[in-house]
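All residue numbers refer to positions in the sequence shown, counting from 1.
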Amino acid sequence: PPSRSAQHMKKAEKLMELGLYSEALPHVLFVSQKHIDNEVNGAAWEKTLSCYINMKRYNEALATLDTITLQTVSISL
């Protein structure tokens, strides 16, 4: 069976396609907090960023960018 994180990502993608970014956000945040692997986490953070931008929550978008940058740096070290 697909993991809970995979289910959350699928649900988030469907909601985002419908333009329901505030509904999608909890799903991508759930996945981004789980630290499954770099690829899944990267995708979750990317979707988080997209949700915040589409919701015009720019401060959170900037904070998310900082998080992504920090994670990318620590991964490449």
Side-chain angles (χ1 to χ4, degrees):
S3 70
R4 282 192 58 191
S5 294
Q7 290 171 335
H8 278 284
M9 287 295 274
K10 269 198 168 11
K11 192 156 186 134
E13 283 164 14
K14 282 202 169 74
L15 290 165
M16 289 174 78
E17 281 169 20
L18 296 169
L20 301 171
Y21 297 100
S22 58
E23 284 87 344
L25 191 59
H27 295 287
V28 289
L29 286 173
F30 173 88
V31 178
S32 66
Q33 305 304 322
K34 287 288 172 205
H35 304 294
I36 299 107
D37 65 44
N38 296 341
E39 200 174 309
V40 173
N41 268 71
W45 283 118
E46 218 171 272
K47 286 184 183 0
T48 302
L49 185 61
S50 181
C51 284
Y52 282 139
I53 290 169
N54 281 288
M55 293 162 69
K56 297 183 173 37
R57 288 168 61 177
Y58 300 118
N59 287 342
E60 281 117 324
L62 286 171
T64 302
L65 264 179
D66 285 345
T67 304
I68 295 168
T69 307
L70 285 171
Q71 287 197 341
T72 309
V73 169
S74 63
I75 290 162
S76 59
L77 287 179

Give the minimum heavy-atom separation between W45 and I68, together with the two atoms involved.
CB-CG1, 3.5 Å
Testing K11, H8, M9 for side chain to side chain contact (heavy atoms under 4.5 Å, CB included) with F30, which one passes?
H8
Return the minimal non-hydrogen interatomic distance between M16 and Y21, and the atom names on each side.
O-OH, 3.7 Å
I need the S5 OG to H27 NE2 distance, nearest 0.5 Å.
12.5 Å
Give the C-alpha distance, both sets of side-chain angles, the deciding distance and a yes or no for side chain to side chain contact (heavy atoms under 4.5 Å, CB included) between V31 and N41.
CA-CA 7 Å; V31 178; N41 268 71; 5.7 Å; no
If you draw a 6.0 Å radius around CD in E46, do more than 12 non-hydrogen atoms from other residues or ligands fall strictly inside?
no
Distance, nearest 0.5 Å, that separates CG of L18 from CD of E23:
9.5 Å
The residue among N59, T69, T48 that forms side chain to side chain contact (heavy atoms under 4.5 Å, CB included) with T64 is T48
Quick one: closest heavy-atom pair of A24 and C51, and the distance?
CB-SG, 4.0 Å
Can L29 be reached from L20 by stepping across I, L, V, M, F, W or Y side chains whose heavy atoms are under 4.5 Å apart?
no
Please assess L62 against Y52 for the test side chain to side chain contact (heavy atoms under 4.5 Å, CB included), listing each intermediate value before the final yes or no.
CA-CA 9 Å; L62 286 171; Y52 282 139; over 6 Å; no
Do the side chains of V28 and L15 join up, straight or via other hydrophobic residues, at under 4.5 Å, putting them in one cluster?
no
If we only count heavy atoms from C-beta on, is the E60 to L25 side-chain gap below 4.5 Å?
no
Would you call E13 and K47 a salt bridge, using N to O less than 4.0 angstrom?
yes
